[in-house]
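Below you'll find the structure, written out as structure tokens, and then a few comments.
Residue numbers start from 1 in every chain, and the chains themselves are labelled A, B, ... in the order their sequence lines are given, proteins ahead of strands.
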Amino acid sequence: MARYAMVIDLERCTGCRACVEACKVENNTPTANLWMYVFRFEEGEYPNTHVWFMPRPCMHCDNAPCVKVCPVGARYKRLDGLTATDWERCIGCRYCEVACPYGVNYFNWKDPAENYYLDWNDEDLAAVTGGTTPPYRNPDLDQPYGSEQRRVAGGGRAKGVIEKCTFCVHRVEQGLLPACVANCPLFALHFGDLDDPNSTVSRLLRRKPSFRLLEEQGTQPRVYYIGGKPPTTETRQIEEVKARV
Amino acid sequence: MRTTLTLLLIVVGFGLQVVSYFFLAAPWGIPSSPAYSNPRVPFAPTIFILGVVLVFLAAVVYELLPERGQ
Amino acid sequence: MNITRRTFLKGSAAAGGTLIAGRLLSGELETLVAAPPGASPALAEEWVPTTCWIGKQDCGILARRINGRVISLEGHPDHPRNRGTLCPKGIAQIMALYDPNRVKAPMIRTNEKGVPGKWRQVTWDEALNLVAEKIKAVRQKDPRLFVWQKGRSKAKAFYDKAFVKAAGATKLGHGTYCSDAGYRAAEYTIGLHGVLHPDFRYTRYLLCWGWNVTNAGGNKFCWLTWPQQLIQARERGMKMVVIDPRLRSAGHFADEWLPIRPGTDLALALALCSTLVEQGTIDRAYLQNHTNAPFLVKEDGFFLRAAPEGEEEEGKPLVWDEASGQAVPFDTEGVQPALEGEFTVQNSKVKPAFQVFKEHLASYTPEWAAEVCDIPADIIRRIARELGENARIGSTIVVDGITLPYRPVAIMAYHMTQQELGFQAARAMIMLMMLLGAIEAVGGQRIDLTWKIHKNWEKLDRVEIKDPPYNIYLKDSKFFPINSGSPSVMAKVMLEPEKYGVDYTPEVLMLHMVNPMPSFTDEPLHMEAYKQFKFVVAIDPWLSKTADLFADVVLPAATIEKYEGPIKASDQYTDAVAFRIPPMNPLFQSRGEIEIYMDIAERAGFLYGEKGYLAHLNKELKLKDEFALPLDRKPSVREIFDRWARAQGIEEGVAFFEKNGVKVKGPVPAKKYYGYAQEPPFNGIRHRLYGESLLRYRQIMQEKGADEIYWRDYTPLPTWRPLTMDQSPPEYDLYLISFKKIEFKQSRASQIPLLAELAPQQYLEINPKTARERGIADGDEVWVESHNALTGETRRVKVVARYRESIRPDTVGMPHHYGEVARHPWAKGQGPTANVLFFGTEGYLTNTADATFHVKVRVYKA
Amino acid sequence: MTVRTERLPYGVGRLTGGWYVLIGVLLAFVVLGLYAYSRQLAVGEAVTGMRDIGTMGGATWGLYVAFVVYFVGVSFAGITVAALIRLMNLEFLKPIARMAEVLTVIALILGAFSILADVGRPLRAILNLFRYARPQSPFFGTFTLVISGYLFASLVYLYLDGRRDAALLARIPGKLQGFYRAWAAGYRDTPAERERHERASFWLAIAILPLLVTAHSTLGFVFGIQVGRPGWFSALQAPGFVLLAGVSGVGLLIVIAAILRKVLNVPDQLSPQVFRWLANFLMVLTVAYLYFVIVELLTTTYAAHYHEVEVSRALLVGEYAWLYWASLAFLVVPFLVLFAQFITQRYNIPLIVLSGMLVNLAAIGKRYLIVVPSQTHGTLLPYGTGAYAPTWVEYSIVLGLFALGALLFVLFVKLFPIMEVPETLVSEGAAQQVIEGG
């Protein structure tokens, strides 16, 4: 079985948030749900300031606090190491969300169909799209995945359940890269199998020093950062997105 | 008889709790596969609760069950 | 292009049974969205190649289409400009495609103008007839009264140019709010159409001069391509020095940040030139052989010339030949032209232009510039030294088998010309690179994507300044002899035609994807002027603020779902051409612009015939012989492109692009790429270090009685003067600059919900120190009040203040988006555009009529 | 055969006008709560003030979870007091035993409803917890031990303890006679039965006390073992939960006892001695809890991590300061009042009741402060500061739950003697007569 991991090259990231958008369209996530988020940071005082950027997907931790606290096993580890959310089992207690130190969980506070940015209830549009909401609804997300055949793909699935970055399980199972990685204009995001010594991620991790976020929490994240340092308490977020439903 | 039944209930109750908690419910350890998300026996949590209920039911049984021979 | 055609028939019967049973317990109790697995019908998946419709560089896209519905737009892997990726706007435009808030059908206004419109939906016939009738009438009266204005061409600008020509309209673009001053400076100085960008393959030392690396594009490309090339260059070890009042733009890519005072770039460039000359790191061979630096300048500032040969011809400028010790025509065989010294020829004292330049630079010391730019003198000296060292003057390199000069230093600057001295600042920056011999050298300064001398090289040198009457944007006038066609100038002229010697007021305006009100500087000025148009038609997918206030008719244009092209797809190293292919039929009742223009032209009576629109289409697309469009039949848009493609030797015609999207022609050879690789180098032109004609214009302008404000910056060598904005009273103690955010692209994006969500509101970037002095906390609402130093006019807007350590304490910044689309749920509450605060009148225009996005403001708590 | 109309004790079975009004008012609040809940079900929890932690800058657990913790905390009192009475032979406290047990049962029911109000998919929650609940989740304890086990144990206790009274009441004819007879389940109050009940309840008490500590601790663990939330990860969390549970439970018990003393006019049974004991018990619990608060305060402000300090700052001087200091004052003031009474040995029931009310307000405040600030402040990644303000829906649902609790209590009071019925109240003779007549 593969051991999937993501490697993020901070030296390349321009903080453009194209990954955020690629994720949103691919996974049909509702308003304000940013499974992939990119921090824009500022440090220091004028004129000795430093500006940098840090993408934040789900860390898909190997010792995932969210998996441990899930009362019903809706949040679970797949054999390939992806931390998945079975939205058919989730009871919406949001314990995973409070347990997660990374803030990657998003709850469906509303009926997703009514939470896709615009009122898509439009006759002229329905004539073309057949009335799907959103009009760019991705049918791949409707399939069960993994040997366990559980419903883990995509966002905006049901009111009152938790969702988060899936590492694009529906793409990964087809041998494609997660949408954010596939689209990154600066090739700052990498994805692959750590068990394969020739994969990009293995090679990058061999070549460059890396860190993982909040490693001291013992969560053993599967997202590695190279080419930079973790944020410190002196790191201020700028241009933060505070989208609410 | 009544005492026996009561004790039996307590023992069975605790037994169910222990068995369910450690052996029937989802496996222990750091979750690394879907197996950790499912109870090994369906409705294991219900069995645990049943155990809790049985233990306390013992008191009811103890009090309510008529004395032998009465 | 069907990359794959998959069906999603999964789910074996065995698995299905138990799953459904299980679902009854958990899932079905509460309503779920999805159907059970295996129940979904077969899905027909197609990938339609097309081209982005948001940004300027037109990235290649593969649209994933399932059962006829586009579900995502992904980067086209073969497209050199984006290599399989897209920027956030490119991805998010899928929402614009389906947005039910688009203009769905043609609309005719039912209320008075100047206030938000009330609209009646009409048929295309009714709308087109009305528009055609008005255009017909105005053309009969005087074609000059018809003004056509466009935001940006989203492909080769052939169909719109053809329309303007066929209609005889006056065309206005957006360039004066963009980088036209830079284009003019480069065309005039080097002869290339562009501004300034590096040769990233080889550049090792880059002055990132106001380049907003992480948010905006640069010369020629919008955003994606440049950063891609930048990271590769940096991974090869390129150093980047950022010259910008804000660090946010360059982010962590800055090796060093010089927080320059806004509007003083010319001073810094001059000081760097001065230091280069002082330290002697100059490429004499280049200056001697490929520039007019050795040309002898008389005391009156004009070149010393040989006696005229023909009647029309001017005599050739002379240089001082050090070998023979006399003045000879510059192109004399074997000449060794002097760059320095003072000579007496024909009884007049003459100096080589370089000597004049050197003397000109003498007072522009780093110490002087330190005062003006607020950058320490020792840093300026060090940068000059590093430039000199990195330029490796005299070194060569072999590229494509050709030995070429190797000067791996360059400047990336594009919109930094949006300042009062923008034209001359751009010229000074080019001259800085000329001194280093980096122009068109390997790793050096680039301007266009290939070596191609632009027609303006000659034209800008031979402007004939006329007497009034002038046209509405004062072409060839004593006001702006080098003229970039500014809509602000037109607005000003419309309000005071006599002052500018204009004897007519335009009546009919066609707005093509342009929204002058919020997007251009000086919104109030434009508001006043646009009221005067008798008939306004807007072609736009969105109801722009301008259209909402002034349009009589709005025609719904399609977004990405139309044929458009051909689109240049070169990334400067690999050449390619692409097309925009409709991934779906146009949504709602919208139509592609070419169709709309053909219909208007047909109904207004200028589609057919030798002078008709079709004939102009043939000319613009260079369609000849069997490929030419018949002049008596309205073709389909696809047919036009099919003919073009076949004319290019693509046998499949446009079907090639429908299948592949992009035609990659291969690497651009050094021969085509470097000016130095030409024979003779630069095709023999002499780059204009010394702007003799600028001096001529100055004199003619003076003679014709133009005010000093118009002619003062027409100097043969870039000359610093105090800025107009600095004459504002001292309480206006902050500089306001505006900047672009990666999330938006003018009026094509700020209403797209996915993007608006990321940057929902206008704000003011302010240094915490500055803010605290004024009692402003992070997140407070503040007034930003600008002041026009010449008229005393003040304007103010209310925005939220945001603390930023990475901006100069004497400078505040606002993003330049927002307020662009009327009545869109996501455009509501975004706050004011920064452009209200800028002025579009004299003092705030360059000498080439380009806009200044700088103004002095005061900021106080609301 | 004429049946003597015998009145049941403590106004059981008799609803006068005032009671109807009270029930009507409580019902109205319950309906308001139900309406709010129906909005929440229809629209989703977007109608609450809760939002996601992180980019949304919200708190994903809000008022509901704070009240889950509060209600479960309150349940502490009943069973503890009942068990203590049994184990320590505090005969004089017997009159409050049943009201304490009822308080426990009702509080647990409200706690369960609070959880249902909080979860996104309540139906699934019930089903999936029985199907899939994982013991590894601290929530497992809350669900199995607290809600199921504890509730069941309390019911058993209440039931067994009530048999004697049920048997007494079953002698009196009336509509409820069958109900009492069923409850009594053949109990005849023979010495053997008494002895057996004594023994059973002794062991029950023994069994319940550890369950109690475990249950309240698991609730503490829900927060206390979360490293990801600054301000939560603390060994003090579990014992602190147990103590604050005691404070709020005993406090509320005092208030209820005082009300019943007035309403049922039983100043002798609910004697000042009862209140004195409760006051002292509350004082001890309060001071113990205050000790915990101080220890925690010192730890988090003295040498804590940056993020912990962020949370502390929000608590001590930031957005939550008013609530923090008010809560603390509502603990300190009652403690001082109770301590003064303890020293002077002059007890004043209104002051004790006031203390009981204040510590409950403090407990609600503290529960809120445990749940919310660690989500909005001090996030380990530099997200901005969050904010949470409950909406009318949340307030209405909580209010509805309180009303439901009060309603259940009132109904119980009207259905069954809330205090042990003294023999004297139901005359042997009359009862005999009835039984014979029947």
Side-chain angles (χ1 to χ4, degrees), chain A residues 32-34 37 39 41 54 56 65-74 88-112 114-115 158-162 213-214 216-219 230-237 240-245, chain D residues 40-48 50-61 65 115 118-129 131-134 136-140 142-143 222-223 225-230 232 305-307 309-310 371 374-375 379-384 386:
Chain A
N33 291 14
L34 307 175
Y37 180 61
F39 283 101
F41 287 139
M54 189 184 84
R56 184 239 62 200
C66 60
V67 173
K68 287 201 278 192
V69 301
C70 181
V72 294
E88 270 189 329
R89 190 184 287 187
C90 175
I91 62 172
C93 71
R94 310 188 294 290
Y95 199 175
C96 48
E97 187 172 345
V98 294
C100 174
Y102 304 100
V104 305
N105 290 281
Y106 291 89
F107 184 68
N108 276 324
W109 298 99
K110 273 185 187 172
D111 186 346
E114 277 153 31
N115 197 25
K159 182 171 68 188
V161 300
I162 208 90
L213 282 178
L214 306 179
E216 66 281 5
Q217 305 286 335
T219 49
T232 69
T233 52
E234 298 301 308
T235 311
R236 299 178 297 273
Q237 194 185 177
E240 79 172 293
V241 177
K242 219 168 205 180
R244 282 194 166 215
V245 290
Chain D
Q40 182 176 311
L41 282 183
V43 179
E45 288 184 72
V47 297
T48 71
M50 296 183 285
R51 289 299 181 269
D52 290 319
I53 300 169
T55 56
M56 273 195 215
T60 194
W61 279 359
V65 173
I115 294 180
D118 183 64
V119 295
R121 301 192 76 91
L123 272 180
R124 261 196 213 178
I126 295 170
L127 236 152
N128 284 6
L129 282 172
R131 285 184 78 186
Y132 301 114
R134 300 171 60 250
Q136 294 83 353
S137 169
F139 207 74
F140 183 82
T142 311
F143 161 62
V222 167
F223 303 91
I225 57 174
Q226 296 314 318
V227 288
R229 298 254 80 79
W232 278 9
H305 276 246
Y306 172 85
H307 303 283
V309 173
E310 283 274 281
V371 173
S374 290
Q375 300 175 71
T379 49
L380 298 186
L381 295 185
Y383 292 107

Examine whether an atom of D:Gln375 lies under 4.5 Å from a heavy atom of chain A, and if so say whether it belongs to the side chain, the backbone or both; otherwise answer neither. side chain
No-hydrogen, no-angle side-chain donor-acceptor test under 3.5 Å, D:Thr55 and A:Tyr106: yes
Counting heavy-atom pairs under 4.5 Å with chain A, which one of D:Gly54, D:Ala46, D:Ala59, D:Gly384 comes out on top? D:Ala46
Which bit of A:Glu97 comes within less than 4.5 Å of chain D, counting heavy atoms only: side chain, backbone, both or neither? both
With only heavy atoms counted, which part of A:Arg56 is less than 4.5 Å from chain D, the side chain, the backbone, both or neither? side chain
Using non-hydrogen atoms only, which part of A:Cys100 is less than 4.5 Å away from chain D: side chain, backbone, both, or neither? backbone
Pairing residues for D:Asp118 by the salt bridge (Lys or Arg N to Asp or Glu O under 4.0 Å) criterion, not counting sequence neighbours: A:Arg94
So which of D:Pro230, D:Ala133, D:Pro382, D:Ser374 has the largest heavy-atom pair count under 4.5 angstrom toward chain A? D:Pro382
Select one option (side chain, backbone, both, neither) describing which atoms of A:Tyr95 are under 4.5 Å from chain D's heavy atoms. both
Between D:Met56 and A:Val245, does the side chain to side chain contact (heavy atoms under 4.5 Å, CB included) criterion hold? Intermediate values first, please. CA-CA 8 Å; D:Met56 273 195 215; A:Val245 290; 4.1 Å; yes
D:Val222, part contacting chain A, at a heavy-atom distance under 4.5 Å: both
How many angstroms lie between CD in A:Gln237 and OG1 in D:Thr379, if you round to the nearest 0.5 Å? 9.0 Å
Would a distance-only check, ignoring hydrogens and angles, find a side-chain to backbone donor-acceptor pair under 3.5 Å from D:Arg134 to A:Val67? yes
Among the options A:Lys110, A:Arg236, A:Glu114, pick out the one with the most heavy-atom pairs lying under 4.5 Å from chain D. A:Lys110
Between OG1 on residue A:Thr233 and NE2 on residue D:His305, distance to nearest 0.5 Å: 11.0 Å
With a 4.5 angstrom heavy-atom cut-off, which part of A:Tyr37 approaches chain D: side chain, backbone, both or neither? side chain
Options A:Val241, A:Thr235, A:Val98, A:Val161, ranked by heavy-atom pairs under 4.5 Å with chain D, top entry: A:Val98
Chain A contact via D:Gln226 - which portion, at a heavy-atom distance below 4.5 Å: side chain
Specify which of A:Cys90, A:Gly73, A:Gly218 makes the most heavy-atom pairs with chain D at under 4.5 Å. A:Cys90
Please answer whether the main-chain N or O of A:Glu88 pairs with a side-chain N or O of D:Arg124 as donor and acceptor at a distance below 3.5 Å. yes
Chain D shares the most heavy-atom pairs under 4.5 Å, among A:Pro65, A:Pro101, A:Pro71, with A:Pro71
Test A:Val69 against D:Phe139 for side chain to side chain contact (heavy atoms under 4.5 Å, CB included), laying out the working first. CA-CA 7 Å; A:Val69 301; D:Phe139 207 74; over 6 Å; no
Under 3.5 Å: donor-acceptor pair, side chain of D:Arg51, backbone of A:Ala243: no
Does CD belonging to A:Glu234 count more than 12 external heavy atoms closer than 6.0 Å? no
Between D:Tyr383 (side chain) and A:Gly103 (backbone), is there a donor-acceptor pair under 3.5 Å? yes
Can you list the residues that meet the ring pair (Phe, Tyr, Trp, His ring centres under 6.0 Å) rule with D:Trp232, with sequence neighbours excluded? D:Phe223
Between A:Ala74, A:Ala99, A:Cys70, which has the largest tally of heavy atom pairs under 4.5 Å with chain D? A:Cys70
The reported gap from CZ in A:Phe107 to OG1 in D:Thr60 (rounded to nearest 0.5 angstrom) is 7.0 Å
Picking from D:Asp52, D:Val47, D:Ile53, D:Val119, which has the most non-hydrogen pairs under 4.5 angstrom with chain A? D:Asp52
Under the 3.5 angstrom rule, does the side chain of D:Arg121 hit a backbone N or O of A:Lys159 as a donor-acceptor pair? yes
